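Since the model is a prediction, treat every value here as computed from it, not as a measurement. These values consider heavy atoms only, across backbone and side chains, with no hydrogens, waters or symmetry-generated copies.
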Amino acid sequence: MRSPRRCSRNGCPRQAVATLTYVYSDSTAVVGPLAAFAEPHTYDLCEPHARSLTAPRGWDLVRHDGDFAPPPPTTDDLVALADAVREAARPAAPPPRTDEQDAPGHQTGRRGHLRVIPPSH
């Protein structure tokens, strides 16, 4: 399932709404609306980080003046969500039985998260 893009700042769990790009030849940092695709040399930022970002000393900062809005869901997002719901609803396969479990006198049962262990002889 494709998850929404998250802020690139370490430890930030918020959804990205802006993209930071550096134009090294002009010594300029540009913060604009979230790019359609994640690129290797760009950084996705949440709104608080996009608004509070400062440029390195000697650099210019160009920042989008409007509101940063999260991207609308796409049909891919809805299909991925439906697939995830189907997967979660699918019953888990029972674990494979071993020869030890089939041995006479070996009676280990399982109920929910509890296990019945036979007494030692």
Review point. In Å and rounded to the nearest 0.5 Å, what is the CG to OG1 distance from L20 to T42?
Key: 8.0 Å
Review point. Roughly how far apart are R63 CZ and L53 CG, rounded to 0.5 Å?
Key: 6.0 Å
Review point. Are side-chain heavy atoms of R6 and R14 found at a separation under 4.5 Å?
Key: no
**Study point:** same_hphob_cluster(L45, W59) at 4.5 Å side-chain heavy-atom cutoff
**Key:** yes
Run the side-chain donor-acceptor check on residues 22-33: report pairs under 3.5 Å with partners two or more places apart or on a different chain.
from	atom 1	to	atom 2	distance (Å)
T28	OG1	D26	O	3.0

Study note, to complete from the structure: In short, A55 meets L61 closest at the heavy-atom pair CB-CB, 3.9 Å
Check your understanding: Which residue pairs pass the salt bridge (Lys or Arg N to Asp or Glu O under 4.0 Å) test when at least one of the two sits in residues 49-58, sequence neighbours left out?
Key -> E47-R51
Practice item. Only pairs at least two apart or in different chains count here, so list each salt bridge (Lys or Arg N to Asp or Glu O under 4.0 Å) that has a residue in residues 35-45. Key: R5-D44
